[in-house]
Number of protein chains: 2
Amino acid sequence: MRPRDEQKEATIREKAIEMIVQEGFDGFSMQKLAKAAGLSASTIYIYFKNREDLLRQLYLAVDEVFAREALRHFDPAMPFEDGLWLQWKNRYRYILKHPLYFHFSEQFRNSPLIRQQDLHTPAFRSAMQQFVRNAVQRKEVAELPAEVFWAAAYGPFYILVQFHLQQSGMGGKPFSLSEQKLKQAFQLVIKALRP
Amino acid sequence: MRPRDEQKEATIREKAIEMIVQEGFDGFSMQKLAKAAGLSASTIYIYFKNREDLLRQLYLAVDEVFAREALRHFDPAMPFEDGLWLQWKNRYRYILKHPLYFHFSEQFRNSPLIRQQDLHTPAFRSAMQQFVRNAVQRKEVAELPAEVFWAAAYGPFYILVQFHLQQSGMGGKPFSLSEQKLKQAFQLVIKALRP
DNA sequence: GTTTTAAAAGAACGAACATTCGTTTATCTT
DNA sequence: AAGATAAACGAATGTTCGTTCTTTTAAAAC
């Protein structure tokens, strides 16, 4: 029997993400994807059940990479400031390395295609919860409702990143957020969260 | 001659926004919109040049309402803390009053359909710029790169709002962010931005 | 009340859509 | 080398898409 071509599936995934970032869900079709990937439309159905399944799988795969990169070298037992900065830097590095992936997931954020509960893996969520519990216990941060805390801890990060991502457009222009500005924003967050 | 039916155009706009919030750009079509609005598809083309024009007009109209509401009772000369809190409350009220509108604009945020520069009217942008210039001059806030400043001033707000918006889903469930939590987040932001 | 005009409807257009089907092709097993 | 099997393809399915055309309808102007 003939084996599956791993390179082929990888190409489908890459081109699909590219197309969605450039044209949105709206402009994304199986036939255009087939043409972009240089294969027949029916071949896509060997690797993915249907359009919806393809989108779902893409999202899950991208989110999994994100979760892995965000938690790199992270331990929920870390001192709060170190741990939060590590996560900021990890996410920053992820976005520099995979701007398309990041842009792609952002398309899902407010779309009806993915339920909120599907965002991030359970392991990721529980690691983050433990991290905050520790920080509160050690009185490194003020005690706050969870969503207020996360909004303060990551809101500035995401707004900053989104701004620079849009500045860079989708052409070749590089992502221009400097680590210095990132650090500046981070210092503000730390000041805000101190007890 | 027969006059245009203003009610008809209003219905088209409302139903279009509803449909986009519920099904995304992907699931939005002229024919489904016609059926939902109870008229012929060709009638839509009396009020809007085409699909793209319809989306553009919807976005501009919604954004105009937002800008008006956000600036309600606002003056760039206000003391910083008062002015920023007023804007937070204005935006909060806007989202409570028009959750669909807000959800609708969020769909555009990372989509290729609207250029970043089209976000918000020039009047809105310049009012905000003047507001910060004044605050810096009076040493009410630290001097920071513009995007770092805005990220810190509004990041927590938007993350908080997005979280509660997703919690409420799109069914009848009410938008559940309390003004108390809003105020808590605001206090953190003020603490962060002080010189 | 007739004429004028544009709104509104409905049918129709080709194009593009997601998906399936039958055939061909490439690779593994024997 | 022959046979088995699933990958890969091209063609075709029926549906839905955005938009236009033709006709009908309703209101304003006379």
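Reckoned from all heavy atoms, side chains included, excluding hydrogens, waters and symmetry mates.
Atom CZ in A/R51 sits about 18 Å away from atom C1' in C/dT20, given to the nearest Å. Atom CE in A/M30 sits about 16 Å away from atom C1' in D/dG10, given to the nearest Å. With rounding to whole Å, A/L39 atom CG is found 15 Å from C/dA26 atom P. Remark: P of D/dC9 and CG of A/L33 are 13 Å apart, rounded to the nearest angstrom. Put simply, CD1 on B/I12 is 13 Å from C1' on C/dA9, counting in whole angstrom units. If you take CZ of A/F25 and C1' of C/dC17, they are 17 Å apart, rounded to a whole angstrom. Atom-to-atom, CG of A/N50 to C1' of D/dT15 comes out at 16 Å; the value is rounded to the nearest Å. Between the P atom of D/dG18 and the NZ atom of B/K35 lies a distance of 14 Å, rounded to the nearest Å.
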Check: residues 181-188 of chain A side-chain donor-acceptor pairs under 3.5 Å, at least two apart:
| residue | atom | partner | partner atom | Å |
| --- | --- | --- | --- | --- |
| A/K181 | NZ | B/E147 | OE2 | 2.8 |

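Residue contacts for B/F48: at a heavy-atom cut-off of 4.0 Å it reaches no nucleic acid atom on any strand shown.
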Which letters describe nucleotides 20-30 of chain D, given B = protein heavy atom under 4.0 Å from base, S = only from sugar-phosphate, - = neither? BB---BBBB--

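Taking 4.0 Å as the cut-off between side-chain N and carboxylate O, A/E140 and A/R194 do not count as a salt-bridged pair. A salt bridge links B/D26 to A/R51: at least one charged side-chain nitrogen sits closer than 4.0 Å to a carboxylate oxygen. B/E9 and B/R13 are joined by a salt bridge, as a carboxylate oxygen and a charged side-chain nitrogen come within less than 4.0 angstrom of each other. Taking the charged nitrogens against the carboxylate oxygens, B/K32 and B/E23 do have a contact shorter than 4.0 Å, which makes a salt bridge.
Between B/R4 and B/Q31, the residue anchored closer to the 5' end of DNA chain C is B/R4, taking for each the nucleotide with the nearest heavy atom. Taking the nucleotide of DNA chain D with the nearest heavy atom to each of B/E52 and A/I46, the more 5' of the two is matched to A/I46.
Considering only side-chain N and O atoms, A/T43 lies nowhere under 4.0 angstrom from the phosphate OP1 or OP2 of D/dA7. Taking only side-chain nitrogens and oxygens, A/Y47 never comes nearer than 4.0 Å to OP1 or OP2 of D/dA7. B/K8 has a side-chain polar atom (N or O) that falls below the 4.0 Å cut-off from OP1 or OP2 of C/dA8.
Residue B/Y101 qualifies as open at atom OH: its count of foreign heavy atoms under 6.0 Å is 12 or below.
There is a side-chain donor-acceptor pair under 3.5 Å between A/R91 and A/Y158.
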